[in-house]
2 protein chains.
Amino acid sequence: MPVPRTIDRDARKAQLASAVWRIIVERGIGAVSVRSVADEAGVVVGSLRHVFPTRAELLEFSARLMVERATARILATPRSDDPVEFACAIMRHLLPLEPDSRAEFEVNLALIAESPALPSLVEIRDYATREVEELCHQAVELLTARPRDDTSLAAARHLHALVDGLALHLLTQPADADSTWATALLRAELASLTARSP
Amino acid sequence: MPVPRTIDRDARKAQLASAVWRIIVERGIGAVSVRSVADEAGVVVGSLRHVFPTRAELLEFSARLMVERATARILATPRSDDPVEFACAIMRHLLPLEPDSRAEFEVNLALIAESPALPSLVEIRDYATREVEELCHQAVELLTARPRDDTSLAAARHLHALVDGLALHLLTQPADADSTWATALLRAELASLTARSP
DNA sequence: GGCGTTCTAGCACAACCGTGCTGCCAAGAT
DNA sequence: ATCTTGGCAGCACGGTTGTGCTAGAACGCC
C-alpha cells in the first residue's frame with residue numbers, strides 16, 4: 001500500500017493557529033475568516049480547508065492550542081526559594097505583559113465575547129478558567145502553608161479576580177505603557193497572604 | 001414654513017440601542033448588523049438608517065447610552081450611614097448581577113474585543129474606565145478617610161482590578177448561578193480597607 | 001516508470017454585509 | 001386644498017462570507 005507525501009499536519013495547524021492569533025490581536029475577532037487567515041498564513045483557502053474543514057474547527061483548535069501554550073509556559077517557570085517570588089513569577093504569566101501572553105488574553109476575551117455564537121468554545125474557556133482557579137488555590141496553599149478551607153477558598157477567588165482584573169486593565173492600555181505597577185500590586189497582594197498566615 | 005410630522009428621535013435611538021444590546025447578549029457582537037438590529041427593533045433597514053446613517057454611528061450611540069445608563073444608576077444609589085454598605089452598594093452596580101448590568105458589562109467586553117476594528121469606540125471605553133477608576137478612588141477615600149497618596153492610589157487600583165475581575169467571573173458563569181460569594185468577597189475587601197486605616 | 005494518495009489551487013454558489021439611492025406616504029403650516 | 005418636508009419602505013450594487021466541489025500537482029511506494 002503506497003504512502004504518499006504527507007506534510008507535518010501539527011506544524012501546519014500551529015502555523016494557521018498563530019495566523020488566527022495575529023489577526024485577532026491586530027484586527028479583532030470579527031476579522032477572522034477562512035480567507036483572511038489563509039492569507040495571513042500564506043496558504044490558499046483550499047489548503048486551509050484541507051486541514052480545517054470548517055471555520056469552527058479552526059477556531060476551536062486555535063483556542064485549545066493557546067491554552068496548551070500558556071499551560072506549558074507556566075509549568076516551565078523556574079522554581080525559586082522565595083515563595084512570594086515564585087508565586088509572583090507564575091502569576092505574571094497570566095498577565096498580558098509580553099506579546100505572547102497579550103495575544104493569549106486577547107484571544108481569551110474574544111472567546112468570551114463571541115461565546116453566544118460559538119458554543120463549542122465555551123468549554124475550552126471554562127477549562128482554562130478552572131486551570132487558573134486551581135493555580136490560585138495552589139498559590140494560596142504555598143503562601144499560607146495551610147490546608148484548603150473556607151478562608152483559603154475565598155483568598156484564592158480573591159487572587160483569581162485580582163489577576164484577571166489586572167489583565168483586563170493591562171490590555172486596555174497601550175502595549176508599551178508602563179506596567180510595573182501591576183507587578184508591584186500583585187507582589188504586594190501575595191506578600192500580604194504570607195503575612196496573614198500564622 | 002411647514003413643519004411635517006416628527007417622531008421622538010431620542011426614543012427611537014434608545015429603542016434601536018436596546019435592540020443592539022439584546023443581540024450582543026444573545027448572539028454575540030458578531031451578529032450585530034444593520035439588518036439584524038432593525039429586525040430586532042421591529043423596524044425596516046431604511047428607518048434605522050434614517051436615524052443612524054452608518055453602522056458605526058449605531059454602535060457608537062449604543063455604547064455611549066450604555067455608559068450613561070450605568071452612570072445614572074450609580075448616581076441614584078441611596079446614601080447609607082454605613083460607609084462599607086454604601087460603597088458596597090455602589091460597587092455592586094459594576095457587577096453583572098442583574099440583566100441590565102450584565103448586558104452593560106457584556107457590551108463593554110465586546111467593545112474591548114472589537115476595539116482594533118472600531119477605533120471610535122476606544123475612547124468611549126476609556127472614558128468608562130476612567131469613571132470607574134475615579135469611583136474606586138472615592139470609595140477608598142470614603143473608607144480610609146484620608147487624602148490621596150501613593151498607598152491610596154494603589155488601593156484604588158487594587159479595588160478596581162478586583163471589581164472588574166469579579167465581573168469577568170460572574171459573566172462566565174450562568175446568569176442564574178449563585179453569586180452571593182462575589183458580594184461577600186467585595187464586602188470583605190471594603191471592610192478591610194476601613195480596618196487598615198488608623 | 002507507473003500508481004495511488006495527499007495536498008494544492010481555485011471555481012461556484014447562496015447567503016449576508018454596508019450603504020447609496022429612489023419613490024411614497026403622512027402630517028402640519030399656509 | 002396645497003405644498004413642503006420628515007419619515008418609511010425597499011431595491012440595487014459591489015463586496016465578503018462559509019462551504020461544496022472538481023481538477024491538477026507532488027510525492028512515496030511497488
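Here is how names work: the chains are called A, B, and so on, in the same order as the sequence lines, proteins then strands, and each is numbered from 1.
At least one side-chain nitrogen or oxygen of B:S33 sits closer than 4.0 Å to the OP1 or OP2 atom of C:dC17. Checking the phosphate oxygens (OP1, OP2) of C:dC7, a side-chain nitrogen or oxygen of A:R9 falls inside 4.0 Å. Here B:R12 does not reach the OP1 or OP2 of D:dG6: none of its side-chain N or O atoms lies under 4.0 Å away. At D:dT16, none of the side-chain N or O atoms of A:R55 fall inside 4.0 Å of OP1 or OP2 (strictly under the cut-off).
Residue B:Q173 qualifies as enclosed at atom CD: its count of foreign heavy atoms under 6.0 Å is above 12. In this structure, B:D149 places its CG atom where more than 12 heavy-atom neighbours from other residues, nucleotides or ligands lie under 6.0 Å away.
One interatomic measurement links the two molecules: CG of B:D39 to P of D:dG10, which rounds to 12 Å at whole-angstrom precision. Rounding to whole angstrom units, CG of residue A:L48 and C1' of C:dT6 are separated by 16 Å. Between the P atom of C:dA9 and the CZ atom of A:R35 lies a distance of 16 Å, rounded to the nearest Å. The distance from atom CZ of B:F52 to atom C1' of D:dG7 is 15 Å, rounded to the nearest whole Å. Atoms CG (B:D10) and P (D:dG6) sit 17 Å apart, rounded to a whole Å. In this structure, the NZ atom of A:K13 is 15 Å from the P atom of C:dT6, given to the nearest Å. The nearest whole Å value for the distance from the CG atom in B:L58 to the C1' atom in C:dT19 is 14 Å. Atom-to-atom, NE2 of A:H50 to C1' of C:dT6 comes out at 5 Å; the value is rounded to the nearest Å.
Note: B:I24 CD1 to A:E114 CD = 10.0 Å, rounded to the nearest 0.5 Å. Taken to the nearest 0.5 Å, the OG1 atom of B:T129 stands 6.5 Å off from the CD1 atom of B:I112. To the nearest 0.5 Å, atoms CD (B:E189) and NE2 (B:H158) are separated by 4.0 Å.
A donor-acceptor contact under 3.5 angstrom links the side-chain atoms of A:R49 to the base of D:dG20.
Two end axes, each from the C1' atoms of five base pairs, can be drawn for the helix from C:dG1-D:dC30 to C:dT30-D:dA1; they diverge by 0°, to 10 degrees.
Residues B:R92 and B:T183 have side chains that bring a donor and an acceptor to within less than 3.5 angstrom of each other.
Heavy-atom distances to DNA chain D give each of A:V32 and B:S47 a nearest nucleotide, and the one nearer the 5′ end belongs to B:S47. Heavy-atom distances to DNA chain D give each of B:G46 and A:S36 a nearest nucleotide, and the one nearer the 5′ end belongs to B:G46.
The two residues A:A14 and A:L65 have their closest heavy-atom pair at CA-CD2, 3.9 Å.
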